[in-house]
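One-based numbering along the sequence shown.
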Amino acid sequence: PAYQNMSTLALLLIILVSVLLWQYSSHTRDKALRTARETCKTRGLQFLDGSAALQGIKPVFSGKYGPGLQRTYTFDYSVDGLGRHTGCIIMHNAQVEAILLDE
């Protein structure tokens with residue numbers, strides 16, 4: 001029957017959209033990680049743990065970037081090798097919106 005073809009098509013569409021969203025999110029996380037690593041390198045800081053963790057995600061509208069998702073990633077770094085500080089990268093879609101350091 002025709003309704004089975006429609007439900008199969010809908011299921012395939014949902015799977016496709018899910019895969020594309022996962023890939024896009026993965027790309028955004030990789031960009032945040034590269035940004036954290038480069039920020040630490042250019043400022044003479046030690047990038048700790050080699051990771052950036054997603055702390056939050058929300059829909060936003062920006063005058064500069066338009067509608068999209070704002071993702072906030074955190075990472076740890078050290079100034080002197082002894083203390084531990086937290087940095088934050090705010091992404092709008094796949095664009096770096098802000099880099100905040102706890103100095």
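- Note that CG of Leu48 is 10.0 Å distant from OH of Tyr77, once rounded to the nearest 0.5 Å.
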Test log, rule side chain to side chain contact (heavy atoms under 4.5 Å, CB included), inputs Met91 and Thr72: CA-CA 6 Å; Met91 308 278 294; Thr72 303; over 6 Å; no
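- Within the model, atoms CG of Leu45 and SG of Cys40 stand 5.0 Å from one another, a figure rounded to the nearest 0.5 Å.
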Side chain to side chain contact (heavy atoms under 4.5 Å, CB included) between Val60 and Leu69, intermediate numbers included: CA-CA 6 Å; Val60 294; Leu69 293 176; over 6 Å; no
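- Checking each of Ile14, Leu21, Leu20 against Val17 for a side-chain contact (heavy atoms from CB on, under 4.5 Å) leaves exactly one that passes, namely Leu21.
- Here the side chain of Ser78 pairs a donor or acceptor atom with the backbone of Gly83 at under 3.5 angstrom.
- The backbone N or O of Ala94 lies less than 3.5 Å from a partner atom in the side chain of Lys31, making a donor-acceptor pair.
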CA sep, side-chain torsions, deciding dist, call: Gln70, Glu97, side chain to side chain contact (heavy atoms under 4.5 Å, CB included): CA-CA 9 Å; Gln70 184 183 70; Glu97 194 172 283; 3.2 Å; yes
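- A pairwise comparison of heavy atoms in Ser51 and Phe75 identifies O-CB, 3.6 Å as the closest pair.
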Chi angles and distances behind the side chain to side chain contact (heavy atoms under 4.5 Å, CB included) call for Ile99, Thr35: CA-CA 9 Å; Ile99 302 169; Thr35 301; 3.5 Å; yes
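- Distance check: Thr28 OG1 to Gln95 CD gives 9.5 Å after rounding to the nearest 0.5 Å.
- Of the inter-residue distances, the one linking Ser25 atom OG with Ile57 atom CD1 reads 5.5 Å to the nearest 0.5 angstrom.
- At least one donor-acceptor pair under 3.5 Å links the side chain of Thr42 to the backbone N or O of Thr39.
- When all heavy atoms of His85 and Val79 are compared, the closest pair comes out as CD2-CG2, 3.8 Å.
- Here the CD atom belonging to Gln55 is positioned 9.0 Å from the OG1 atom belonging to Thr86, to the nearest 0.5 angstrom.
- Contact between Ala32 and Tyr73 at its shortest, heavy atoms only, is CB-CD1, 3.6 Å.
- Closest non-hydrogen pair, Gly66 versus His92, comes out as O-NE2, 2.9 Å.
- For the pair Gly50 and Leu33, the tightest heavy-atom approach, listed with the atom from each and the gap, is O-CD1, 3.7 Å.
- Separation of atoms CG (Leu16) and CG (Leu11) is listed at 11.5 Å; rounding is to 0.5 Å.
- Ion pairing between a basic and an acidic side chain is recognised when a charged N comes within 4.0 Å of a carboxylate O; Asp102 and Arg84 show no such pairing.
- Taking every heavy atom of both residues into account, Ala36 and Phe47 meet most closely at CB-CE1, 3.7 Å.
- Linking ILVMFWY side-chain heavy atoms closer than 4.5 Å, directly or via other members, places Val96 and Leu100 in two distinct hydrophobic clusters.
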